[in-house]
Amino acid sequence: MKRDDLSVLTIGNSFTDSLTSYFAAVVESAGCGLHFERANHGGCELHRHWKYIECEESDRAFRMYQNYTHTMKEILRSRTWDIVTIQQASH
């Protein structure tokens, strides 16, 4: 099955950012285009992401993602994601 595009969202920390080095080339080599978005914060653990989401839910002005202009809910609803990864901090 050949795909035109693969939509990938990462929710994590700087470890997840390492995908930017080679991931696009790997996807391209499989004959796919790539829409790649990151909802990452350096050193961020899952509980901190969850706190951000709770703050977004309780305060409509609170934004922590995509240069502080979007909520996690907005990002998740922005398209049909083929893959969503969740990266826990490793310390």
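Any value given below was found using the heavy atoms of this structure, including those in side chains, with hydrogens, waters and symmetry copies removed.
- Relative to the six-membered ring of W50, R48 misses at least one condition, a distance below 6.0 Å or an angle of at most 45° to the axis.
- Just one of I11, T10, I86 meets the side-chain contact (heavy atoms from CB on, under 4.5 Å) condition when paired with T16; it is T10.
- In this structure, D59 CG and E54 CD are separated by 13.0 Å, a value rounded to the nearest 0.5 Å.
- E28 places no side-chain N or O within 3.5 Å of a backbone atom of G33 that could act as its donor or acceptor partner.
- Taken from CD1 in I53 to SG in C55, the straight-line distance is 10.5 Å, to the nearest 0.5 Å.
- Under the 4.5 Å side-chain criterion, counting only non-hydrogen atoms from C-beta, L9 is not in contact with I83.
- A 4.5 Å side-chain heavy-atom check between N13 and N40 finds every atom pair outside the cut-off.
- Residues Y68 and I75 share a single hydrophobic cluster, defined by chaining ILVMFWY side chains whose heavy atoms lie under 4.5 Å apart.
- At distances below 3.5 Å, not a single donor-acceptor pair connects side-chain atoms of W81 with backbone N or O atoms of L6.
- Here the shortest heavy-atom pairing between H41 and Y65 reads NE2-CE2, 3.6 Å.
- No hydrogens or angles considered: a donor-acceptor pair under 3.5 Å links the side chains of Q66 and E37.
- Of the listed residues (H49, E45, K51), just one forms a side-chain hydrogen bond (donor to acceptor under 3.5 Å, both in side chains) with H47, and that residue is E45.
- In terms of the side-chain hydrogen bond (donor to acceptor under 3.5 Å, both in side chains) criterion, residue partners of E57 (sequence neighbours excluded) are, by chain and number, K73.
- In the displayed structure, E74 atom CD is contacted under 6.0 Å by more than 12 heavy atoms of other residues, nucleotides or ligands.
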Q. How far apart are the C-alpha atoms of T69 and R63, what are their side-chain angles, what is the distance that settles it, and do they pass the side-chain hydrogen bond (donor to acceptor under 3.5 Å, both in side chains) test?
A. CA-CA 6 Å; T69 61; R63 301 282 188 268; over 6 Å; no
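- Of all heavy-atom pairs spanning G12 and C44, the tightest one is O-CB, 3.8 Å.
- Hydrophobic cluster membership is shared by Y52 and V84, with clusters built from Ile, Leu, Val, Met, Phe, Trp and Tyr side chains linked at under 4.5 angstrom.
- The side-chain heavy atoms of F62 and T71, taken from C-beta on, include no pair separated by under 4.5 Å.
- Taking both residues in full, the closest heavy atoms of L46 and Q88 are given as N-OE1, 3.0 Å, listed atom of the first, atom of the second, then distance.
- Taking a 6.0 Å sphere around CZ of R77, one finds it holds 12 or fewer heavy atoms contributed by other residues, nucleotides or ligands.
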